[in-house]
Amino acid sequence: MEQVTNEEVAVLLYEIAFYLELSGDTFRPRSFERAARSIETLSESVMEIHRSQHIEGLMKIPFVGEGIAKKIDEKIRIGRVTQLEELKVRFPVRLSELLTVESVGPKTVRVLYEQLDIKNVEDLEKRAREGKIRSLPGFGNKSEEKILKGIEFLKACKGRQPLGTVLGLAQHIRDQLRFIEGVKSVVITGSLARGKETVEDLDLLAITSLPDVLVKAFISTSEAIHVYQKQNTRVSIRLKIELNANLRIIPEESFGAAQQYFTGSKEHNLALQRLAQDKGLKLNEYGVFSKDGQTIAGTNEEGIYTALGLPWIPPELRENLGEIEAAREERLPDLIKHGSLRGDLQTQTNWTDGKNSIEEMGKAARELGLQYIAITDHTRSLAMVGGLDESKIQEQGREIERVNRKLDGIQILKGAEVNILKDGSLDLSDDALADLDVVGAAVHTNFNMPQDEMTRRMIQAIRNPHVDIIFHPTGRIINRRPPYAVNMKKIIEAAKDNGTILEIDAYPERLDLKDEHIRMAVDEGVKLCIDSDAHSMAQINYLSYGITQARRGWASRNDIVNTMSLDELLKHLS
DNA sequence: GCCGTTTTCGGCCCGACTGTTTTCAGTCG
């Protein structure tokens with residue numbers, strides 16, 4: 001018997017769907033996808049259903065029939081699915097890898113494999129550089145160029161993973177190690193501690209009286225697949241998620257210095273070292289020392305900064321972008337704190353591409369201590385997810401009113417995520433927009449317009465008096481899609497002139513606005529909001545990534561509208 | 001392969017864009 005989570009079953013079904021699509025099957029892929037989505041949203045465990053009710057029970061899951069139920073049964077009983085194994089023999093390609101290249105889909109993978117024996121991205125790049133792709137039927141110079149561009153973009157992101165996929169795991173490992181015998185302290189350092197949007201590896205520091213025990217625990221974590229180096233005070237392992245994790249064991253007297261040093265950034269540290277030098281001091285990973293070698297600080301970070309004549313600087317600011325000067329002049333921003341949001345202004349439900357109902361999302365938000373949550377499903381031009389038209393929006397409004405009457409302790413706001421069309425108009429009538437509490441507008445189509453055209457398009461939406469917020473203003477997907485061309489300075493100016501809020505979308509793959517743009521907006525006094533963009537109950541937790549991102553952009557509580565009480569917010573929006 | 005029946009097989013979210021074609025296939029959202 002295999003232990004499998006619903007998530008793993010869903011991934012398996014998606015994988016089969018992709019291979020079926022590759023093999024030219026038209027409708028089965030849709031079936032497997034629908035079943036996968038259904039299992040993702042399921043509250044009961046598939047394992048548990050299988051244990052108590054076998055295949056018959058599985059068939060009661062929506063969109064799971066006999067065929068798919070048997071595949072799940074096979075996976076649980078023997079750990080693999082014959083059909084998928086056979087598909088992989090027939091098409092020995094690294095499908096998921098190839099599909100990450102933009103403009104490459106299953107059909108293209110098939111042609112590339114059959115005609116040029118391309119099995120992975122490396123083969124693909126080689127063949128494209130040799131000019132072999134352009135001579136394939138149905139391909140040309142442009143397709144070849146596009147593929148190479150896609151590979152370039154992929155390479156540029158390679159090895160760096162979104163904060164959101166790493167931070168939870170890092171915290172989990174840290175918390176496990178804290179309970180190991182002899183351990184006095186474990187902290188996360190590096191770009192992860194600074195909350196950078198992508199991270200290259202996971203760095204931990206620890207104090208322990210029993211180094212051997214801690215090292216052993218670290219390398220035997222269930223997340224590890226390989227041990228690179230193992231010394232008394234330093235170990236590196238490879239994690240399942242294709243990332244390295246490093247653990248250093250530090251003596252207590254220099255722990256603060258090490259924490260400061262390994263948190264970085266390099267630029268921040270170099271600037272601090274220059275500052276130390278000016279004061280006739282020496283700063284390194286062991287502490288702050290006087291000329292004659294006397295230890296001045298080292299046990300904690302505050303001490304290091306104090307010794308240099310500075311207040312402690314929050315890790316999110318340590319990029320040498322003016323924070324040291326600000327610290328010296330005692331004008332560091334009072335950064336927004338975790339836990340200070342009172343609401344969430346962008347969430348989707350099962351009325352479109354979300355997984356949960358309005359009521360479930362409301363309850364989940366209440367659980368997290370929020371006071372209000374806006375339901376902002378997609379509107380009609382996003383047909384793919386069943387975007388809502390005017391009458392559906394009205395119907396949803398009535399459902400929201402019903403849920404509001406039922407639930408105490410949370411207010412659900414009527415909203416929408418309207419699409420900004422090519423000409424800058426919106427895909428929902430002004431009358432419909434006027435009935436909503438929160439209108440977010442966003443670009444979802446026609447991504448590759450020239451910069452000035454895209455900027456004009458977005459500014460027109462900003463000027464629409466019904467639009468409260470511009471959602472994910474640059475449209476980027478980290479490691480997958482670059483931002484569209486837009487002049488952010490002009491957008492920020494327009495937002496300022498029209499009192500429009502710009503969003504910090506906390507969805508880990510978006511983090512949009514990015515830190516430098518947040519700082520530009522803050523400097524201009526433009527109001528921001530931090531939204532989860534949750535597509536399920538659990539994803540409302542993403543808000544914390546948005547707070548980290550806001551901190552990296554020097555934002556204070558006052559800059560973020562959803563720190564307001566509901567009354568204040570509604571007044572602000574009206 | 002699943003669903004919903006006009007219960008035993010037909011229909012399956014859709015629209016725009018792109019690059020290749022000269023009427024369309026594949027990708028993407």
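What you see is a predicted model, and the numbers here were worked out from it, not measured in a lab.
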Atom pair distance, as rounded to whole Å: [atom1] in [X] and [atom2] in [N]:
{"X": "Phe32(A)", "N": "dC3(B)", "atom1": "CZ", "atom2": "P", "answer": "12 Å"}
{"X": "Lys142(A)", "N": "dC17(B)", "atom1": "NZ", "atom2": "P", "answer": "16 Å"}
{"X": "Glu509(A)", "N": "dG29(B)", "atom1": "CD", "atom2": "P", "answer": "11 Å"}
{"X": "Ile133(A)", "N": "dT20(B)", "atom1": "CD1", "atom2": "P", "answer": "12 Å"}
{"X": "Tyr484(A)", "N": "dA16(B)", "atom1": "OH", "atom2": "C1'", "answer": "17 Å"}
{"X": "Met59(A)", "N": "dC2(B)", "atom1": "CE", "atom2": "C1'", "answer": "10 Å"}
{"X": "Ile147(A)", "N": "dC28(B)", "atom1": "CD1", "atom2": "P", "answer": "11 Å"}
{"X": "Met449(A)", "N": "dT18(B)", "atom1": "CE", "atom2": "C1'", "answer": "16 Å"}

Pairwise [atom1] distance for [N] and [M], with rounding to whole Å:
{"N": "dT8(B)", "M": "dT18(B)", "atom1": "C1'", "result": "42 Å"}
{"N": "dT23(B)", "M": "dG29(B)", "atom1": "P", "result": "30 Å"}
{"N": "dG10(B)", "M": "dA16(B)", "atom1": "C1'", "result": "28 Å"}
{"N": "dT27(B)", "M": "dT21(B)", "atom1": "P", "result": "16 Å"}
{"N": "dC14(B)", "M": "dT6(B)", "atom1": "C1'", "result": "27 Å"}
{"N": "dC13(B)", "M": "dC3(B)", "atom1": "C1'", "result": "15 Å"}
{"N": "dC12(B)", "M": "dC17(B)", "atom1": "C1'", "result": "24 Å"}
{"N": "dT22(B)", "M": "dC28(B)", "atom1": "P", "result": "24 Å"}

Are there over 12 heavy-atom neighbours, none belonging to Glu152(A), within less than 6.0 Å of that residue's CD? yes

Just checking [X]: base, sugar-phosphate only, or nothing, at a heavy-atom cut-off of under 4.0 Å?
{"X": "Lys70(A)", "answer": "nothing"}
{"X": "Arg481(A)", "answer": "sugar-phosphate"}
{"X": "Arg30(A)", "answer": "nothing"}
{"X": "Ser143(A)", "answer": "sugar-phosphate"}
{"X": "Pro106(A)", "answer": "sugar-phosphate"}

Kindly point out which of [options] is positioned nearest to the side chain of [X]?
{"X": "Lys107(A)", "options": "dG29(B), dG19(B), dG26(B)", "result": "dG26(B)"}
{"X": "Asn448(A)", "options": "dC13(B), dG26(B), dT18(B)", "result": "dT18(B)"}
{"X": "Phe27(A)", "options": "dA16(B), dC12(B), dT20(B)", "result": "dC12(B)"}
{"X": "Glu102(A)", "options": "dT27(B), dC28(B), dG1(B)", "result": "dC28(B)"}

Return no unless some side-chain N or O of [X] is found under 4.0 Å from OP1 or OP2 of [N].
{"X": "Asn446(A)", "N": "dA16(B)", "answer": "no"}
{"X": "Thr108(A)", "N": "dT27(B)", "answer": "yes"}
{"X": "Lys146(A)", "N": "dT27(B)", "answer": "no"}

Between [X] (side chain only) and [Y] (backbone N and O only), is there a donor and an acceptor less than 3.5 Å apart?
{"X": "Glu144(A)", "Y": "Ile133(A)", "value": "yes"}
{"X": "Ser38(A)", "Y": "Arg34(A)", "value": "no"}
{"X": "Asp344(A)", "Y": "Ser532(A)", "value": "yes"}

Per nearest nucleotide of DNA chain B, the residue lying toward the 5' end, Ile68(A) or Gly105(A), is Ile68(A)

The answer to which of Gly67(A) and Ile477(A) contacts DNA chain B further toward the 5' end, by nearest nucleotide, is Gly67(A)

Considering residues at least two apart in sequence or located in another chain, which fulfil the side-chain contact (heavy atoms from CB on, under 4.5 Å) criterion with Leu148(A)? Glu125(A), Ala128(A), Arg129(A)

For dT5(B), does the glycosidic angle fall within 90° of 0 (syn) or outside that (anti)? anti

Are the ring of Phe139(A) and the six-membered base ring of dT20(B) within the stacking cut-offs of under 5.5 Å and under 30°? no

Counting only Watson-Crick or G-U wobble pairs whose two distances fall under 3.5 Å, which nucleotide matches dG10(B)? dC3(B)

Run through Arg37(A), Glu33(A), Glu40(A) and flag the one making a side chain to side chain donor-acceptor pair (under 3.5 Å) with Tyr14(A). Glu40(A)

Tell me whether the rings of His50(A) and His54(A) are parallel (<30°), tilted (30 to 60°) or perpendicular (>60°). perpendicular

